[in-house]
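Working notes for the structure below.
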Amino acid sequence: MEQFVLEMKYLIGVVIALALGFAIGFERKLRSKEAGIRTHTIVCVGAALMMVVSKYGFGGVQADSARVAAQIVSGIGFLGAGIIMFRGQKMHGLTTAAGVWATAGVGMAAGAGLYYVALGSTVIIIFIQFIFHINRGPFRTKKYYQINICFKNTDDENTKVKAIFGVTHFNSLTIERKENGTVYHALLNTDKEFSSQTLNAIMEQNPYILTIERCDDN
């Protein structure tokens, strides 16, 4: 009976980790991120369970619980790497992977009996995720548009193109020599949104521009 009561006490940390992992995952689910409620809850519970086993699971044997903690940190790193992906010209999933890694820390704190630390850390993580998603003021995130442009360069047209789209350099540039001159195929990113009417007007006003293609990152 005494052993049962003792293990129920240890189980409290796992249950707290479940609730905290659910809270973090719920915030991620609301934003339709790669890792949601199940991932964060399981990571948090798993980390708490491993900490409980590491700290209390060897009876009277003297064990170094820090070893298991270190393995949890590195192991979650591999899980986070699976969340990160490269799509278009951007890296996606970095914040979610970092959140999963931090959630493991919350579970470890709960499993070690540091309940107030675990609860406070959860509030901090959710607050950070929430506050930096406010797209206003200093937290506003610029949206960039990718434009593929082909133009003749006989004098200094490349500088004129940069000025038109408000950029200082091309992301990539291919130069093609033809009988009637040199043709540039350039790829650029701009934070200015150009409508189809505006792009047509740019081509009409600048006859050296042959084609313009806007490649929006969906």
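- Counting heavy atoms from C-beta outward, L199 and S196 have side chains that stay 4.5 Å or more apart.
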Item to check | Evaluation steps, side chain to side chain contact (heavy atoms under 4.5 Å, CB included), between I37 and F22 | outcome: CA-CA 6 Å; I37 293 176; F22 179 90; 3.4 Å; yes

Next on the checklist: Let's go through V161 and N158 carefully: what are the C-alpha distance in whole Å and the side-chain angles of both, what is the deciding distance for side chain to side chain contact (heavy atoms under 4.5 Å, CB included) to 0.1 Å, and is it a yes or a no?
Outcome noted: CA-CA 5 Å; V161 169; N158 59 337; 5.7 Å; no

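- Looking only at side-chain heavy atoms (C-beta outward), I175 and T182 come within less than 4.5 Å of each other.
- Looking at N171, its side chain does come within 3.5 Å of a backbone N or O of N189 through a donor-acceptor pair.
- With contacts defined as side-chain heavy-atom distances shorter than 4.5 Å, the pair V106/I24 qualifies.
- V45 and M8 fall within the same hydrophobic cluster, defined by Ile, Leu, Val, Met, Phe, Trp and Tyr side-chain heavy atoms under 4.5 Å apart, directly or through other members.
- Taking each heavy atom of Y115 and K9 in turn, the nearest pair found is OH-O, 4.1 Å.
- Looking at heavy atoms from C-beta onward, W101 lies out of side-chain contact with V43 at the 4.5 angstrom threshold.
- Counting only distance, with no hydrogens or angles, the side chain of E176 and the backbone of T174 share no donor-acceptor pair below 3.5 Å.
- In terms of heavy atoms, H40 sits closest to G21 at CB-O, 3.5 Å.
- Geometric assessment of K152 against the ring of Y184 yields a negative cation-pi assignment under the 6.0 Å and 45° thresholds.
- At least one side-chain heavy atom of L187 sits less than 4.5 Å from a side-chain heavy atom of Q146.
- With hydrophobic clusters built from ILVMFWY side chains whose heavy atoms lie under 4.5 angstrom apart, V52 does not share a cluster with I12.
- A pairwise comparison of heavy atoms in E157 and T154 identifies OE1-N, 2.9 Å as the closest pair.
- Of all the heavy atoms in A17 and C44, the pair that sits closest is O-SG, 3.2 Å.
- Within the 6.0 Å centre-distance limit, the rings of F194 and F165 are counted as a close aromatic pair.
- Heavy atoms only, all atoms of each residue included: I16 and A110 are closest at CG2-CB, 4.4 Å.
- Note: F170 and F151 have tilted aromatic rings, judged against thresholds of 30 and 60 degrees for the angle between ring planes.
- Put simply, the side chain of C150 reaches to within 4.5 Å of the side chain of V183, judged on heavy atoms.
- Distance check, rounded to the nearest 0.5 Å: CG of L114 to OG of S121 gives 9.5 Å.
- No side-chain heavy atom of I149 sits under 4.5 Å from any side-chain heavy atom of T211.
- For the pair T103 and G99, the tightest heavy-atom approach, listed with the atom from each and the gap, is OG1-O, 2.6 Å.
- V15 and L119 fall into different hydrophobic clusters, where Ile, Leu, Val, Met, Phe, Trp and Tyr residues are linked whenever their side-chain heavy atoms come under 4.5 Å apart, directly or through other members.
- Atom CD1 of I202 and atom CD of Q197 lie 11.5 Å apart (nearest 0.5 Å).
- Taking CZ of R214 as the start and CG of N148 as the end, the distance is 13.5 Å to the nearest 0.5 Å.
- Both M108 and V100 belong to a single network of hydrophobic side chains, linked directly or stepwise wherever heavy atoms of I, L, V, M, F, W or Y lie under 4.5 Å apart.
- Under a hydrophobic clustering in which Ile, Leu, Val, Met, Phe, Trp and Tyr are joined whenever their side-chain heavy atoms come within less than 4.5 Å, directly or via other members, V117 and I125 fall into different clusters.
- Looking at heavy atoms from C-beta onward, I212 lies in side-chain contact with M203 at the 4.5 angstrom threshold.
- Residue L188 holds its CG atom at 10.5 Å from OG1 of T168, rounded to the nearest 0.5 Å.
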